[in-house]
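Reading through the structure tokens given below for one structure.
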Amino acid sequence: MYVLVINSGSSSLKYQLLDMSKNELLAKGVCEKIGSGGMFSYQAGNIKIKEKPMEIATHEDAIRIAMETLTDAVAGILKDIRQIGAVGHRIVHGGENFIKPVIVSRGVLEEMKKNTILAPLHNPPAEKGVEACMKLLPEIPHVAVFDTSFYTSIPDYAYVYPIPYKYYEKHKIRRYGFHGTSHNYVTGRAAEFIGRDIKQIKIVSCHLGNGSSITAVKNGRSVDTTMGFTPLEGLMMGTRSGTIDPSIITFLMREENLSPKQMEDILNKKSGFGGVSGKYTDWRDICSASENGEQRAMLVQKIISAQIKKYIGGFAAVMGGVDVLIFTAGIGENSCDMRALATDGLEFLGIKINRELNENMPLGVNVDLSASDAMVKTLVIPTNEELMIANETVNIIKS
Ligand code: AMP
């Protein structure tokens with residue numbers, strides 16, 4: 001079956017077409033600057049379209065362009081759009097009511113929209129993508145796959161915040177967790193890779209990219225994670241603060257006369273690597289600046305590696321041990337510096353990496369980085385959220 005996977009953001013729409021009989025990527029594209037000009041990129045085999053300016057006013061336009069390109073006589077790889085058997089949509093927030101993927105009907109879409117208040121930036125564009133796609137491809141199933149649903153196994157003591165309980169009841173303020181599709185994918189692949197039953201191992205999974213989170217997975221079920229009510233909690237990230245003392249927020253709002261929106265912008269867009277370094281939001285730039293002796297870039301490296309270690313140790317304690325440590329996403333998969341910094345000194349936990357392999361490992365494949373005398377397997381597992389969404393889409397249709 002051919003599955004189209006759609007990841008729709010506020011001003012961009014990414015898509016991939018996968019042949020699920022072979023788990024193979026056939027084509028991928030991205031429409032950017034939706035509503036403010038428009039830019040289109042696409043790749044299918046050797047055919048590449050790179051950042052072509054194109055009028056893309058709405059998400060529906062973006063999907064129409066995607067379909068036209070997939071069936072184009074030159075760039076396309078489909079003879080007929082009806083070759084697509086299903087569409088899988090990435091939805092960031094499923095709230096408490098969507099605990100597994102679901103086939104979208106009008107009624108389901110209305111129900112999904114009730115969660116908008118929990119993810120006002122992420123859910124509305126995704127829902128626009130679903131609506132546009134359902135309009136253009138009305139005859140095939142559309143499946144919503146939620147980033148949060150991997151975390152429905154987290155116990156109440158890990159998801160209830162110690163604020164008045166009535167706010168959980170009234171506003172559903174609780175830990176939800178994010179990057180669930182990625183953590184679900186890499187933990188499954190990791191267990192297969194080392195030939196262990198996922199139901200019998202304890203995994204700490206580090207998804208380190210522009211957005212970063214760490215999740216504890218015990219016997220195949222998530223038991224805790226660093227992101228919370230929103231994807232702002234936990235580790236410091238490219239531009240996000242991660243966890244800070246909540247009093248800093250009210251203090252700054254008072255002292256700097258900031259509105260809630262301004263404060264949110266500071267925490268989401270002006271903090272993290274960028275905030276501390278004053279310049280660099282990209283990890284590669286942090287590493288180069290640090291090599292050139294820039295003190296605040298070095299400070300970023302120290303803060304993030306200390307935070308990752310705290311969570312690895314904390315989650316090992318939560319699970320009563322750790323068998324597997326995973327690194328994934330842009331930084332986790334590509335940065336030997338980060339993997340070295342984040343594991344340095346964790347020998348007491350049984351975590352020890354092969355430093356030479358860490359610096360010279362192949363990219364884009366699963367790698368076992370553990371030193372020969374390590375008790376814990378440290379693995380690099382490339383994430384593939386689209387493949388996971390396509391898999392979930394096929395599974396739900398079959399069931
Ligand atoms: P993601 O959000 O998963 O795409 O990850 C983006 C982050 O990965 C950015 O901070 C990049 O600097 C980082 N990254 C990507 N490629 C590399 C690389 N080759 N070495 C180090 N960091 C990288």
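Both ligands and their constituent atoms are indexed starting at 1 by order of listing.
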Shortest protein heavy-atom distance from atom 14 (N) of ligand 1, along with the residue and atom involved
Gly330 O, 3.6 Å
Residues Lys28, Glu386: salt bridge by 4.0 Å N-O rule
no
Could you walk me through whether Arg90 and Asp147 pass the salt bridge (Lys or Arg N to Asp or Glu O under 4.0 Å) check?
CA-CA 7 Å; Arg90 178 186 181 213; Asp147 254 15; 2.6 Å; yes
Specify whether His171 and Tyr167 have parallel, tilted or perpendicular ring planes, treating 30° as the upper limit for parallel and 60° as the lower limit for perpendicular.
parallel
How far is atom 21 (C) of ligand 1 from the closest protein heavy atom, and which atom is that?
Arg284 CG, 3.5 Å
Atom pair CZ (Arg174) and CD1 (Ile154), whose distance is rounded to the nearest 0.5 Å
7.5 Å
Numbered in order shown, the ligand 1 atoms found under 4.0 Å of a heavy atom of Gly209 are 1 (P), 2 (O), 3 (O), 5 (O)
Run down the list Asp282, Asn334, Leu363, Ile286 and name the one with the heavy atom closest to atom 11 (C) of ligand 1.
Asp282
For salt bridge (Lys or Arg N to Asp or Glu O under 4.0 Å), just list the numbers for Asp224 and Lys218, CA-CA rounded to whole Å, side-chain angles, deciding distance to a tenth of an Å, and then say yes or no.
CA-CA 9 Å; Asp224 207 347; Lys218 186 177 183 183; over 6 Å; no
Any N or O of Thr281 that comes nearer than 3.5 Å to an N or O of ligand 1?
no
Please could you name the atoms of ligand 1 that Ala329 approaches to less than 4.0 Å, counting only its heavy atoms?
3 (O)
Under a 4.0 Å N-O cut-off, is there an ion pair linking Lys352 with Asp373?
yes
Can you confirm, on distance only, whether ligand 1 has an N/O atom lying under 3.5 Å from any N/O atom belonging to His207?
no
How far is atom 7 (C) of ligand 1 from its nearest protein heavy atom, and which residue and atom name does that atom have?
Ile331 CG1, 3.6 Å
Numbering the atoms of ligand 1 from 1, which are under 4.0 Å from a heavy atom of Ser335?
21 (C)
If you measure from the Lys or Arg side-chain nitrogens to the Asp or Glu carboxylate oxygens, is any gap between Glu131 and Arg106 under 4.0 Å?
yes
Hey, does the Lys NZ or Arg CZ of Lys309 hover above the aromatic six-ring of Tyr311, less than 6.0 Å from the centre and inside 45° of the axis?
no
What residue and heavy atom of the protein are closest to atom 10 (O) of ligand 1, and at what distance?
Trp283 N, 3.1 Å
Measure the distance from atom 6 (C) of ligand 1 to every protein heavy atom, then report the residue, atom name and distance (to 0.1 Å) of the closest one.
Asn210 N, 3.6 Å
